[in-house]
Each structure stands twice: as C-alpha cells, then as structure tokens.
Student: 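Got a structure here, written out as structure tokens. Questions coming.
Chain letters run A, B, ... following the sequence lines, proteins first and then strands; every chain starts at 1. Just so you know, these numbers use all the heavy atoms, side chains as well, and skip hydrogens, waters and symmetry mates.
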There are 2 protein chains.
Amino acid sequence: MKETAHPAPDRPQITATHRELLDQVLDKWSLHVLDELCERSLRFNELRRAIPVVTQKSLTATLRRLERNGMVERLIVNTRPIAVEYRITPLGKTLQDLIDALLEWSTANMPRVERARARFDAEEG
Amino acid sequence: MKETAHPAPDRPQITATHRELLDQVLDKWSLHVLDELCERSLRFNELRRAIPVVTQKSLTATLRRLERNGMVERLIVNTRPIAVEYRITPLGKTLQDLIDALLEWSTANMPRVERARARFDAEEG
DNA sequence: CGGTATCCTTCTCGATACTG
DNA sequence: CAGTATCGAGAAGGATACCG
C-alpha cells in the first residue's frame, strides 16, 4: 500500500537538460537505429535497408547525433571500397531495456489508444 | 548466460504505428505534462505555471493530443468563471513507470553523455 | 560504399491579439 | 480562466545531384 499514500516523494524533476537529452536519443529515427544496432553492428547501407523509410540525410544526421552523445561508435574499415561500421556502445546498451519497454508498452496499449482515438474523433464531428 | 547466446529472439519490430504513437505520447511537452499529471490533477493555468517554458499554444496542442490518445481526461467544472481540470487516465498511468525510468536513465547517464559530447566536439576542431 | 551540398517544401513553434 | 486565430521565422525533412 505504498503507492496511494503520497503522490511522488523522490520523483526527479524534468529539466531542460533532461528533455534535450531524451529528445536527442529517443526521437523517431534514433529509436529505430538503436533498436537495430542493439541486435548487431551494421554498415551504413545495411542500416538504410533495415529502416527503408529513412532518407540518407536523416540517417546520417541521426547517426552523427547518436555518436556525439556516445550511444554509437563509428568504425572505419579500410577495405576497398571503404566500409563504415556502426556499433552500439556500452552507454548505448544501457538504453536497450528502456527501448524494449517502450515497444512493449506500445504494443500492449495500442488497441486502447485506437479506441480512445475513435471515441475522441467521433465526438468532435 | 541467456543474454549472449542469441541477439534478440522475441524483440518486437518497430513499425510506423509504434513510432507514431510514441511520438505523440513521448514528445518533449507530453513527457513533461504527463509527469506533472501523474502527481496530481491540474488546471490549465496551473500546468502553465508548472511548466513555465511552454507556450499556451503548445500546451493546448499537447493536451488535446494526449486527450485524443486517451492519456488524459478533460473535466469541465462549472464554476464562475469556468474551470477545466486535467486528470491522468488509467491508460495514461501505465506510462508512469516508463517515464520514471526515462528520467532515471537520463539522470544517471548525463555525466557520461556530457563527457562523450566534449570528446566528440574536441575531435571535430 | 558512404557520404556532402543544395534546393525547396512542409511543419513547428513563438509572439501577439482577441473571446466567451 | 481557458482558450482560439493569425502571422511569420526557423527548423525539419525529402529530392536530387555530386564526390572521394
């Protein structure tokens, strides 16, 4: 009976810093890219094929941002022609459980959300 | 030794539907609003004061979206003048643990992220 | 292969003014 | 109090072309 007694005793406040980090790391493409890279390291064009809806530009931007935040590593392999492999870092790995939880939540609650949307849209006319 | 054996056996794929839902529900303002409403129900201007950086327009849009997706309820109290109370729904409540987990992750890993950024920015010149 | 650079359209978002 | 309406700046994002 610990959850009804008080609202939220030690809940951390959302700051601009929090928001900014979560925005950079959990935006639509980042989520997708991290999800793929958690499974296995991939090359640039492999990622493109794994996420067919992303454009080259957006994928590049996403990877650079994730690299800057320490979530993925960029490894240049000196073959002919050049190959670039993207690999999740230990820090990036710490997001895996969260991403899985988000996907599970989404899967589990999608029907309820869709019913809510239908109800809302019906009332609007 | 179950986590090194195979990459990801039953990992759910991210679909456009997943992404869209998470985008609508975990964007910057939604996260903030849900976080506040998980603690207690609030009126419109109370929310504005609780989240001082949000504009009225964005707050309205965020609340409508959350309402449409079944995350919050909008209760019109017929006082003089009118009062509108926003309350989290049971469906919205299912996000609380996730949001807490996101905030905890963000708090815990912020230092590592900042070091990664500093390293990245230094290398760029 | 793994990108950059450029253009251009779309959408977001803040500021401001007004309303029941 | 709790919004809506409108405008305009700026960012996001796609299409396309080109490069080492």
Student: Checking side-chain polar atoms at under 3.5 Å, does Y86(A) have a donor or acceptor matched by the opposite partner on R43(A)?
Tutor: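 Absent: no donor and acceptor within the cut-off.
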Student: Considering non-hydrogen atoms only, spot the tightest contact between K93(B) and C38(B) and give its length.
Tutor: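 In terms of heavy atoms, the two residues are closest at NZ-O, 3.4 Å.
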Student: Within this structure, what is the CZ-to-C1' distance between R48(B) and dC1(D), rounded to whole angstrom?
Tutor: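 Going from CZ in R48(B) over to C1' in dC1(D) covers 11 Å.
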Student: Rounded to whole angstroms, how far apart are CG on D27(A) and C1' on dA12(D)?
Tutor: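 Taking atom C1' of dA12(D) as the reference, CG of D27(A) is at 11 Å.
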Student: Where do I82(B) and V77(B) come nearest, in terms of heavy atoms and distance?
Tutor: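 It is CG1-O, 3.8 Å.
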Student: Nearest whole angstrom, please: distance from the C1' of dA2(D) to the CD1 of I82(B).
Tutor: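 Value for this atom pair: 8 Å.
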Student: In whole Å, I'd like the distance from the CD1 atom of I76(A) to the P atom of dG2(C).
Tutor: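 I76(A) atom CD1 is separated from dG2(C) atom P by 11 Å.
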Student: Atom CG of L59(A) to atom C1' of dC1(C): distance rounded to whole Å?
Tutor: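 After rounding, the gap between these two atoms is 13 Å.
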Student: Could you check how far CD of Q56(B) sits from P of dT6(D), rounded to whole Å?
Tutor: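 Distance, rounded to whole Å: 16 Å.
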Student: Would a distance-only check, ignoring hydrogens and angles, find a side-chain to backbone donor-acceptor pair under 3.5 Å from S58(A) to V54(A)?
Tutor: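 Checked: no pair found.
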Student: Taking only N/O atoms, report every protein-nucleotides 8-13 of chain C pair under 3.5 Å with atom names and distance.
Tutor:
residue, atom, partner, partner atom, Å
dC13(C), N4, K57(B), NZ, 3.3

Student: Five pairs per end, C1' atoms only: what is the angle between the end axes of the helix from dC1(C)-dG20(D) to dG20(C)-dC1(D), to 10 degrees?
Tutor: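 Axis angle across the helix from dC1(C)-dG20(D) to dG20(C)-dC1(D), nearest 10°: 50°.
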Student: Are the side chain of D35(B) and the backbone of L31(B) linked by a donor-acceptor contact shorter than 3.5 Å?
Tutor: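 No.
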Student: Looking at Y86(B), does any N or O in its side chain come under 4.0 Å of the phosphate oxygens OP1/OP2 on dG3(D)?
Tutor: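 Answer yes for this pair, as a side-chain N or O of Y86(B) is under 4.0 Å from OP1 or OP2.
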Student: Touch check for R64(B), heavy atoms < 4.0 angstrom, all strands: base, sugar-phosphate only, or nothing?
Tutor: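 Sugar-phosphate: the residue R64(B), judged by heavy atoms under 4.0 Å, touches backbone atoms but no base.
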Student: What's the CG-P distance between L75(A) and dG3(C), to the nearest Å?
Tutor: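 From L75(A) CG to dG3(C) P: 12 Å.
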Student: Please state whether the phosphate of dC1(D), meaning OP1 or OP2, lies under 4.0 angstrom from any side-chain nitrogen or oxygen of R43(B).
Tutor: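 Answer no for this pair, as no side-chain N or O of R43(B) is under 4.0 Å from OP1 or OP2.
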Student: Would a 4.5 Å heavy-atom cut-off, applied to side chains only, mark M71(A) and L91(A) as touching?
Tutor: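 The answer is yes, as the side chains (C-beta and beyond) meet within the 4.5 Å cut-off.
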Student: Roughly how many Å is it from CZ in R74(B) to C1' in dG3(D), rounded to a whole number?
Tutor: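 Spelled out: CZ on R74(B) to C1' on dG3(D) is 8 Å.
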Student: If you assign E85(B) and P81(A) each to the DNA chain D nucleotide with the nearest heavy atom, which residue ends up on the more 5' nucleotide?
Tutor: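 Result: E85(B).
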